[in-house]
Structures are given as C-alpha cells and as structure tokens.
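Here is the structure we will look at, set down as structure tokens.
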Amino acid sequence: MAPQSSCRGGEDQTLASSAAAFPRPPALAPAPVVKTTTTTVADLTDVILQAILLRLTPADLLRAALACHRWRRAATRVLPRVPPLLGYFFHPRNPAKPPPKPTTDKTHYPAVFLPLDASSPRLSLDLTTGAASSLSIQDVHLGLVLLLPLSRPKSLLPRILVVDPASRRRVLLPPPPRDDALPDDRWRRDRCVIGVAVLARAHPTRLTFDAVCLTIDGDRPRAWVASVREGNCAWRALPRAEGVVVDFDPWCFEARCVHAAGNIYWHICNSSRRLLQLDPCTLEFSFMPVPAALGDCFNKYRIGETPEDGRLCMASIIGEESLQIWVRGEASRSDRGWLLEREICMTKVLDTVPGLPKDSMMRMLCTWLSDMDYARTGKVFICTWGYGRYAFHLETGKLERLVMKDGKEHGNPIYAYTLAWPPEFLTPRN
C-alpha cells in the first residue's frame with residue numbers, strides 16, 4: 001500500500017508543478033451589450049421598394065399598392081406596360097375526324113375559362129345553364145366579355161350581355177330602339193348585324209364603358225354606340241359611313257372583331273384584299289389593305305400585334321410550309337404599306353403533328369392559321385382538319401397541342417382575358 005500511496009503523491013506533485021508552469025488565464029471580462037435596431041419596411045429606400053414591387057405578380061402588385069400612398073407611388077413606377085394576362089375564354093368543341101369523314105359538329109358548348117397558370121384566379125361567366133348554352137362570346141376586351149344569342153335574326157339589333165368576370169358584375173343591354181335613328185333615316189329591311197365590340201372603359205371596377213354594334217345598312221357600315229354608366233344604357237345611332245362601300249356579300253364579314261394597335265378590325269372571309277377598320281376615338285370606318293402577295297384565300301391571314309412593341313402586324317401561312325409575319329410600315333419595298341419582317345419554314349414543325357398527311361395539297365387543305373394570340377405572348381394558333389388544334393411559339397418554335405382533360409379541343413376563337421389596365425388608382429400622375 002505504501003508504494004501505491006507514494007505513487008499518487010508523485011502524480012499530484014507533477015500536476016501541481018505543471019499547473020505552476022502554465023498559470024490559469026485570467027477570467028474573461030463580460031461581453032459588452034450591443035444595442036440592436038430593428039429594420040422595418042418603412043426604412044426601405046424608394047429604390048429598394050421599387051425593386052421589390054417589380055418582382056410581384058400583377059395581382060400582388062395591386063394589393064401592395066393599396067397599403068399606403070408611398071407604396072402606391074412606387075407601384076405606378078413599376079407598372080407592367082402590357083395588361084396582365086389571367087387566362088383564356090373559349091367555347092370547347094369535339095375533335096373533328098380526318099377527311100373525308102364529316103366534321104360538322106354543331107354542338108354548342110358553354111364558354112369556359114382556362115387560367116394561365118396555378119397562380120391565376122379561376123374565373124367564370126357565372127351563367128345559368130340555359131343562358132350558357134344559348135349565348136356565344138363575341139368580344140373580350142378591357143376585362144369585359146360581350147355575349148350575343150347564338151340563334152337570332154340577322155336583321156334585328158340584339159340584346160347584349162356584358163359580363164365582368166373579375167368583379168362578377170353584369171348588365172343586359174337593350175337593343176337600340178327603332179325610333180332612335182337619325183332624322184329621315186327609316187328602319188332598313190336590308191340591315192345586316194355583324195357583331196359587337198368594346199370601345200372604351202372608364203373604370204376597371206365599375207360597369208362604366210362604351211360598346212359598339214356594327215351593322216351593314218344597304219352597302220354602308222354603321223356604328224350604334226351604347227354608353228353604359230353604372231348599368232344605365234343610352235344608345236345613339238351614327239350616320240352610315242361615307243366613302244366606305246361594301247360591294248360584296250355582308251355575310252363575308254366575320255362576326256367577331258380584333259383589337260390591335262388601338263383600332264378595331266373585322267376580317268373579311270374569301271378575300272385577303274382588305275379589312276374593315278374602326279377608329280374607337282373618331283368612330284370612323286375605313287378599309288385597311290393587306291399585302292397583295294397574300295393573294296385571295298379564305299381565312300388566310302390574321303391581324304394582330306407584335307409581342308415586343310405592340311405594332312400592327314399580320315400573320316399568314318403561305319401554302320403549307322411558310323409562316324410569314326408582316327408589320328405595318330411605309331418603305332420603298334413595302335407591299336401596300338406592309339413589310340415582310342420574318343418568314344418561318346413550317347414543314348418540319350407540321351411533320352410532328354401525328355397523322356397529318358405528307359402530301360402538299362392535302363396538308364394545305366387540312367391546315368390553316370386560325371388566330372394570333374392577342375395577349376402578345378408570341379404565339380399563333382393553328383387549326384387542322386381532324387388532327388388537333390395547336391399553339392406555335394414564334395421564338396422557340398415549340399408546337400403545343402391544345403386539348404382539355406375531357407378530350408375536347410380549345411374552340412375557335414380563343415379570347416385572351418386581361419384586366420382593365422392600368423387601374424384608375426394606379427394611373428401615373430404628372
């Protein structure tokens with residue numbers, strides 16, 4: 001036991017001497033207390049605030065603009081120049097069968113709304129079953145949807161249903177009264193009602209807008225203007241247009257219109273020589289010539305806007321292999337005031353359509369350009385006879401099949417739905 005006790009004593013002595021060689025460090029002083037300040041949203045500079053708002057979706061930007069006066073001023077500086085696209089309205093249709101099988105399916109399906117993406121609101125026209133099956137969309141513009149009865153006498157001015165899907169407000173406009181025509185202007189039996197269009201809208205959250213009904217009275221176009229203020233409608237008839245003679249069958253006009261570059265256009269079927277143009281500000285009609293190079297063919301060209309800057313443009317498929325984009329502009333090489341901006345070979349693109357005939361004549365018969373995307377997404381819509389409906393992106397060259405989950409195709413036309421833009425409370429003030 002003694003040696004063990006002696007050994008422990010030696011170990012204690014060694015540890016003690018080591019502790020003496022390496023003295024214990026002095027105790028650390030307590031850390032100073034640092035006062036922290038909390039950064040709030042109010043501390044953001046205008047530049048940082050605008051950079052944050054710039055990254056918001058249009059819906060979230062509108063919500064943020066309602067926070068305070070400072071945020072509203074910042075929101076006006078980052079407003080998107082193009083109205084925000086929420087989705088598309090269209091009447092679905094059953095897929096057609098390839099030729100030579102009959103393809104006339106007269107089933108009228110109620111209009112549906114296809115959201116742009118998962119963040120877009122799920123809108124609806126909110127119509128009763130009877131109204132949904134008997135009404136057809138005629139125009140979608142400035143957040144309003146105009147519908148007319150599917151079956152109606154072509155010589156009688158119709159009642160117009162106007163729906164604002166965003167606010168779920170609506171108004172049924174009465175037809176223009178027969179005794180409200182101009183002096184010495186009797187009710188015409190040769191009147192042909194073409195269609196209706198939105199002219200202007202004063203406020204995005206109220207039913208305060210102007211609409212127009214286009215008729216061909218004899219051989220002259222005429223505008224009937226409805227001014228709606230909070231649901232109250234007042235009609236006025238304009239004189240028949242001077243200098244614009246309709247020397248062809250009025251039934252060649254397409255019923256629906258196109259809003260492009262600030263004007264309203266109606267395509268004329270079986271002719272590529274001209275379009276009927278209406279200036280919403282002056283309410284004057286005129287014919288817009290189209291390139292002579294397009295020739296004469298049913299539904300061969302479609303009017304629209306360029307995606308990047310909103311210039312008036314025209315798309316056309318020549319034969320079965322060339323998609324041409326024309327822009328409006330005067331130059332020495334212009335064709336009736338149109339310039340050929342680009343030309344895209346569609347042969348390889350159309351080769352990807354399952355079952356589409358390879359024969360050039362059959363392919364030209366089965367394929368046509370149905371529309372440009374008026375939301376300025378850079379897409380055009382292509383119809384085929386029995387082989388599906390497609391969207392073609394001009395920049396990426398991607399061809400996308402437009403089909404619903406139940407197998408129905410997207411009907412023609414496809415109406416892009418955008419909000420009335422910009423909202424009045426966000427209009428920049430000088």
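The shown structure was predicted, so the numbers you read here are calculated from the model rather than taken from an experiment. Only this structure's heavy atoms are used, side chains among them; waters, hydrogens and symmetry mates stay out.
- Counting non-hydrogen atoms of neighbouring residues, nucleotides and ligands closer than 6.0 angstrom, the CZ atom of Arg342 exceeds 12 such neighbours.
- For the pair Ser133 (side chain) and Gly130 (backbone), a donor-acceptor distance under 3.5 Å is present.
- Using a 4.5 Å cut-off on side-chain heavy atoms (C-beta onward), Ile160 and Leu147 make no contact.
- Arg274 forms a cation-pi arrangement with Phe287, by the criterion of a distance under 6.0 Å to the ring centre and an angle within 45° of the ring axis.
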> Passes side chain to side chain contact (heavy atoms under 4.5 Å, CB included), Thr367 versus Tyr387? Steps please.
Replying inline: CA-CA 9 Å; Thr367 309; Tyr387 304 98; over 6 Å; no
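- In this structure, the separation between CZ on Arg302 and OG on Ser370 is 7.5 Å, given to the nearest 0.5 Å.
- In this structure, OG1 on Thr418 lies 11.5 Å from CG on Leu116, to the nearest 0.5 angstrom.
- Side-chain contact of His91 with Asn412: a donor-acceptor pair under 3.5 Å is absent, judged by distance alone.
- More than 12 heavy atoms of other residues, nucleotides or ligands shown are found within 6.0 angstrom of CZ on Arg70.
- The shortest heavy-atom contact between Met314 and Leu275 is CE-CD1, 4.0 Å.
- Looking only at distances, no side-chain donor or acceptor of Ser322 sits under 3.5 Å from a matching main-chain atom of Ile318.
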>> What verdict does the side chain to side chain donor-acceptor pair (under 3.5 Å) test give for Tyr88 and Asp373, after you've listed the backbone C-alpha separation in whole Å, the side-chain angles of each residue and the deciding distance to 0.1 Å?
In response: CA-CA 10 Å; Tyr88 298 88; Asp373 188 351; 2.6 Å; yes
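- Side-chain contact between Cys313 and Met372 is present, with heavy atoms from C-beta onward closer than 4.5 Å.
- Within the 4.5 Å cutoff, the side chain of Thr208 has no heavy atoms near those of the Val228 side chain.
- Among Phe113, Phe90, Phe89, Tyr390, the one residue that satisfies the ring pair (Phe, Tyr, Trp, His ring centres under 6.0 Å) test with His410 is Phe90.
- Between Ala166 and Tyr417, the shortest heavy-atom distance links the atoms N-OH, 3.5 Å.
- In this structure, the side chain of Arg122 engages the main chain of Ser120 through a donor-acceptor pair within 3.5 Å.
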>> Set out, in order, the CA-CA distance, both residues' side-chain angles and the distance that settles side chain to side chain contact (heavy atoms under 4.5 Å, CB included) for Gln50 and Val47, then state yes or no.
In response: CA-CA 5 Å; Gln50 292 176 28; Val47 175; 6.0 Å; no
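- Atom CD1 of residue Ile264 and atom CD1 of residue Ile303 lie 13.5 Å apart, to the nearest 0.5 angstrom.
- Asp351 has its side chain within reach of Lys358: a pair of non-hydrogen atoms, C-beta onward, lies under 4.5 Å apart.
- His267 has its ring centre less than 6.0 Å from the ring centre of Tyr301.
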>> Run the salt bridge (charged side-chain N to carboxylate O under 4.0 Å, His left out) test on Arg376 and Glu305 for me, step by step, so that the C-alpha distance in whole Å, both residues' side-chain angles and the decisive distance to 0.1 Å come before the verdict.
In response: CA-CA 7 Å; Arg376 289 168 53 178; Glu305 296 178 343; 3.8 Å; yes
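- With a 4.5 Å cut-off on side-chain heavy atoms, Asn94 and Glu409 do not count as touching.
- Rounding to the nearest 0.5 Å gives a distance of 4.5 Å between CG of Leu356 and CZ of Arg363.
- A cation-pi contact, defined as under 6.0 Å to the ring centre and within 45° of the axis, is absent between Arg236 and Trp224.
- Residue Lys348 qualifies as open at atom NZ: its count of foreign heavy atoms under 6.0 Å is 12 or below.
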>> Applying side chain to side chain contact (heavy atoms under 4.5 Å, CB included) to Leu294 and Trp326, what does each step give before you reach the verdict?
In response: CA-CA 11 Å; Leu294 298 184; Trp326 298 75; 3.9 Å; yes
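- Using modelled atom types and a 3.5 Å distance limit, the side chains of Ser316 and Gln324 yield no donor-acceptor pair.
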>> Please evaluate residues Arg256 and Asp371 with respect to the criterion salt bridge (charged side-chain N to carboxylate O under 4.0 Å, His left out), reporting the C-alpha separation (whole Å), side-chain torsions for both, the decisive distance (0.1 Å), and the verdict.
In response: CA-CA 12 Å; Arg256 51 130 178 170; Asp371 252 327; 2.8 Å; yes
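- A pairwise comparison of heavy atoms in Leu53 and Ala75 identifies CD1-N, 3.8 Å as the closest pair.
- Within the 3.5 Å criterion, the main-chain N or O of Ala293 finds a donor-acceptor partner in the side chain of Asp335.
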> Can you check salt bridge (charged side-chain N to carboxylate O under 4.0 Å, His left out) on Arg55 and Asp60, steps first, answer last?
Replying inline: CA-CA 10 Å; Arg55 288 165 171 79; Asp60 290 335; over 6 Å; no
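- In plain terms, the two heavy atoms of Val196 and Asp139 that are nearest each other are O-CB, 3.8 Å.
- Within the 4.5 Å cutoff, the side chain of Ile382 has heavy atoms near those of the Met346 side chain.
- Nearest heavy-atom pair, Pro95 versus Lys408, reported as atom, atom and distance to 0.1 Å: CD-CA, 4.3 Å.
- Within the 3.5 Å criterion, the main-chain N or O of Arg73 finds a donor-acceptor partner in the side chain of Arg77.
- Between the side chain of Ser334 and the main chain of Trp338, no donor-acceptor pair closer than 3.5 Å is present.
- Between Arg170 and Leu127 the shortest side-chain heavy-atom distance falls below 4.5 Å.
- With contacts defined as side-chain heavy-atom distances shorter than 4.5 Å, the pair Phe209/Leu144 qualifies.
- Put simply, the side chain of Thr306 gets close to the backbone of Arg311: a donor and an acceptor are under 3.5 Å apart.
- Put simply, the residue from Leu161, Val163, Val162 that forms a side-chain contact (heavy atoms from CB on, under 4.5 Å) with Leu172 is Leu161.
- There is a side-chain donor-acceptor pair under 3.5 Å between Thr215 and Asp217.
- Atoms CG and CG, on Asp247 and Asp219 in that order, are 8.5 Å from each other to the nearest 0.5 Å.
- Minimum interatomic distance between Cys257 and His259 (heavy atoms only, all atoms of both residues): SG-NE2, 3.8 Å.
- Remark: the backbone N or O of Leu238 is paired with a side-chain donor or acceptor of Arg222 at under 3.5 angstrom.
- Figure legend: Lys379 and Phe392 shown without cation-pi pairing, the cationic atom not lying both under 6.0 angstrom from the six-membered ring centre and within 45 degrees of its axis.
- Separation of atoms OH (Tyr109) and CG (Asp406) is listed at 8.5 Å; rounding is to 0.5 Å.
- Judged by distance alone, with hydrogens and angles left aside, the side-chain atoms of Asp359 form a donor-acceptor pair with the main-chain N or O of Met362 at under 3.5 Å.
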>> Before you tell me yes or no, could you show the steps for Ile344 and Leu394 under side chain to side chain contact (heavy atoms under 4.5 Å, CB included), namely the whole-Å CA-CA distance, both residues' side-chain angles and the distance that decides it to 0.1 Å?
In response: CA-CA 8 Å; Ile344 303 172; Leu394 299 177; 3.9 Å; yes
